[in-house]
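Here is the structure we will look at, set down as structure tokens.
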Number of protein chains: 2
Amino acid sequence: MSPGVSRASIMRRQAAPMRDDDIANIMRALGHPVRLEILRILASQQGQCCCGDVTESLTLAQSTVSQHIKVLLDAGLIERKAQGTRNRYCISHDKLGELNSAFGGLLEGLAPLVASKEAEPA
Amino acid sequence: MSPGVSRASIMRRQAAPMRDDDIANIMRALGHPVRLEILRILASQQGQCCCGDVTESLTLAQSTVSQHIKVLLDAGLIERKAQGTRNRYCISHDKLGELNSAFGGLLEGLAPLVASKEAEPA
DNA sequence: ATGTTCCATCGTAATCCACCGATCAAGCAT
DNA sequence: ATGCTTGATCGGTGGATTACGATGGAACAT
């Protein structure tokens, strides 16, 4: 009873299952529209993005943007690599994968039917 | 190049695509371990759960629990149905479905490869 | 050394959040 | 009506977040 590969199957693969605290932390990091926007900006400029670039597209002070970036950094959602005089940021695909798994697991725990909706196209 | 049915396919089905604000709101609601726990409690006692029950398993004051419940309620993640002298709470599977879609869409926007990892088992 | 650019960090104000005890309305008894 | 239970909401406190401008250190130039 599982035609496609569902959320469930993605789940068991990463090492640590992620505790509620970790999940909550990441969720909180995702819990601000500006940070979602920052993530999208980073995603669109794959690996080529520094704080200034982000700031330019955001009508917010540089310090504020830097702070938001720090939140994402602390949550592990993005990575920093210093390069010369500036810092480049990029999305952590590893973490995103982990998150994907954890989130799938969470949903599954809450509502199995929802998490594997593929099986039930109605 | 897409054997199973991926996150992507789940996505296009709900009506409203959910704005960043909405997503952020829900994420923030999920951004506290106690609220995750409450959701799990509700899930385990399908539809039979009132505030007092939740409070009993949580070493927190009733008012605090009620407040957490309100956050989940406002985010649309759970539903209240008054019943006599008490209120029953249950998980909103509809909202969870929406969330699943929105989250999948978000991840896909951030990292297509991650969102549809099924195709790439390595 | 002097200057420039980039940006993390500090200091600060306003707002929000998490928690609590206390209160109060609603339902159901008696 | 009187009382009991349930739970939403109020008021308050302490700590976190969000925003800003200002500071300062690092990397590169000159």
Side-chain angles (χ1 to χ4, degrees), chain A residues 19-39 41-42 45 47-92, chain B residues 20-42 45 47-92:
Chain A
R19 279 161 305 127
D20 271 6
D21 264 348
D22 304 323
I23 299 181
N25 274 337
I26 294 183
M27 291 302 178
R28 219 177 316 132
L30 292 176
H32 195 295
V34 166
R35 288 195 285 267
L36 293 180
E37 186 59 26
I38 291 178
L39 285 177
I41 291 170
L42 292 187
Q45 321 257 18
Q48 292 295 88
C49 231
C50 59
C51 180
D53 298 336
V54 178
T55 302
E56 265 178 28
S57 34
L58 275 185
T59 65
L60 279 174
Q62 177 266 321
S63 55
T64 305
V65 172
S66 187
Q67 223 168 310
H68 279 302
I69 285 178
K70 182 165 167 35
V71 173
L72 294 170
L73 211 46
D74 288 347
L77 287 167
I78 64 178
E79 282 158 17
R80 160 159 57 197
K81 29 188 110 162
Q83 192 216 30
T85 179
R86 65 189 63 192
N87 285 327
R88 302 281 179 91
Y89 291 96
C90 62
I91 292 196
S92 164
Chain B
D20 270 6
D21 263 347
D22 304 323
I23 299 181
N25 275 337
I26 295 184
M27 291 303 177
R28 220 176 315 131
L30 292 176
H32 195 293
V34 166
R35 289 197 284 269
L36 293 181
E37 186 58 26
I38 291 178
L39 285 177
R40 270 198 260 274
I41 292 172
L42 293 186
Q45 321 258 17
Q48 294 294 89
C49 230
C50 59
C51 180
D53 298 336
V54 178
T55 302
E56 265 177 29
S57 35
L58 275 184
T59 64
L60 279 174
Q62 177 267 322
S63 57
T64 305
V65 172
S66 187
Q67 222 168 305
H68 278 302
I69 285 177
K70 182 165 166 36
V71 173
L72 294 171
L73 211 46
D74 288 346
L77 287 167
I78 64 179
E79 282 159 17
R80 159 159 57 198
K81 27 189 110 161
Q83 192 216 32
T85 180
R86 64 189 65 193
N87 285 327
R88 310 260 230 78
Y89 291 96
C90 63
I91 292 196
S92 163

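We name chains A, B, ... by the order of the sequence lines, and we start the count at 1 in each one.
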- Between C:dC16 and B:Arg28, is there an OP1 or OP2 to side-chain N/O distance shorter than 4.0 Å? no
Quiz item: Taking C-beta and beyond as the side chain, do A:Asp22 and A:Ile26 meet within less than 4.5 Å on heavy atoms?
Solution: no
Atom CD1 of A:Ile69 and atom C1' of C:dA8 are separated, to the nearest Å, by 10 Å
In whole angstroms, the gap separating P of D:dC28 from CD of A:Gln83 amounts to 9 Å
(request) Flag the pair A:Asn87 / A:Cys51 as yes when at least one side-chain heavy-atom distance between them is below 4.5 Å, and no otherwise. (result) no
Of the candidates C:dG21, C:dA8, D:dG7, the side chain of B:Ser63 sits closest to C:dG21
By nearest-heavy-atom nucleotide on DNA chain D, the more 5' of A:Val34 and A:Arg86 is A:Val34
So, do A:Leu30 and B:Leu30 sit near enough that their side-chain heavy atoms are less than 4.5 Å apart? no
A:Glu37 versus A:Leu58: any side-chain heavy-atom pair under 4.5 Å? yes
Out of D:dG7, C:dT9, D:dT17, minimum distance to the side chain of A:Lys70 belongs to C:dT9
Atom NE2 of A:His68 and atom C1' of C:dC7 are separated, to the nearest Å, by 16 Å
Testing C:dA18, D:dG7, D:dG21 for proximity to the side chain of A:Ala61, the answer is D:dG21
DNA chain D nearest-nucleotide lookup for A:Gly31 and B:Gln62: closer to the 5′ end is B:Gln62
Side-chain atoms of B:Thr64 come closest, of D:dA8, C:dC19, C:dA8, to C:dC19
Beyond-backbone contact of B:Asn25 with B:Arg28, side-chain heavy atoms, under 4.5 angstrom: yes
A:Arg88 atom CZ is separated from D:dA27 atom P, nearest whole Å, by 16 Å
Taking C:dT5, D:dG7, D:dT6 as options, the one with an atom nearest any side-chain atom of A:Thr85 is C:dT5
Between NZ of B:Lys81 and P of D:dG7 the distance, given in whole Å, is 15 Å
task = Establish whether the base of D:dA8 is bridged to the side chain of B:Gln67 by a donor-acceptor pair shorter than 3.5 Å.
result = no
Rounded to whole Å, CG of A:Leu60 lies from C1' of D:dA19 at a distance of 8 Å
B:Arg35 has its side chain closest, among C:dA18, D:dT6, D:dT18, to C:dA18
